[in-house]
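Atom set for the values below is all heavy atoms of this structure, side chains included, hydrogens, waters and symmetry mates excluded.
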Amino acid sequence: MVGKWAGLYQHWLGAVLFGVLGALIVWRPLVTAEILTLLMGAFFLVAGLFQLITPFVVSLPDWGWHALNGVITLLLGILILVQWPVSGLWVIGLFVGIELIFYGGAWIVLALNLRSLA
């Protein structure tokens, strides 16, 4: 179907790296949680800076909401990094829990809207 597929070795390498990473996560979950929390804090810090600066560089409509989002993201990154490595024990669970709450709420709203269409 794909003929001479050029990406075979890249996918094999990716699969091996994912397997090794998964094994390391299972083998050392506490260290992994701390490292992932550090990466999440750095991501939020950088993303918050970009979200804060972008509305002023690019003329976006309703730039205040974008700037507010950047400030909140920046503060989250700072809060995570200030409390690191202790934050590694609770940040991931908190974020996953919040995501599941909003995901479940979205499914409830979808179900109610589909029910009204029937």
- Query: Is the closest side-chain heavy-atom distance between Ile72 and Gln51 below 4.5 Å?
  - Reply: no

Among all residues two or more places apart in sequence or in another chain, which pass the side chain to side chain contact (heavy atoms under 4.5 Å, CB included) test with [X]?
| X | answer |
| --- | --- |
| Leu49 | Leu74 |
| Leu94 | Trp90, Ile98 |
| Val71 | Leu52, Leu75 |

Could you state whether [X] and [Y] fall into the same hydrophobic cluster, counting links through intermediate Ile, Leu, Val, Met, Phe, Trp or Tyr residues with side-chain heavy atoms under 4.5 angstrom apart?
| X | Y | answer |
| --- | --- | --- |
| Phe102 | Leu100 | yes |
| Trp84 | Leu89 | no |
| Val82 | Leu45 | yes |

- Got a sec, which hydrophobics cluster with Leu17, joining ILVMFWY side chains under 4.5 Å apart, including via others?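 Taking Ile, Leu, Val, Met, Phe, Trp and Tyr as members, Leu17 shares its hydrophobic cluster with Leu13.
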
- Message: For Phe95, give me all partners under ring pair (Phe, Tyr, Trp, His ring centres under 6.0 Å), at least two apart in sequence or on another chain.
- Response: Phe44

- From OG1 (Thr73) to CZ (Phe43), nearest 0.5 Å: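 So the OG1 of Thr73 and the CZ of Phe43 are separated by 8.5 Å.
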
Side-chain donor-acceptor contacts of residues 23-39 below 3.5 Å, not counting sequence neighbours, with atom names and distances?
unit_1: Thr32; atom_1: OG1; unit_2: Arg28; atom_2: O; d: 2.7
unit_1: Thr37; atom_1: OG1; unit_2: Ala33; atom_2: O; d: 2.6

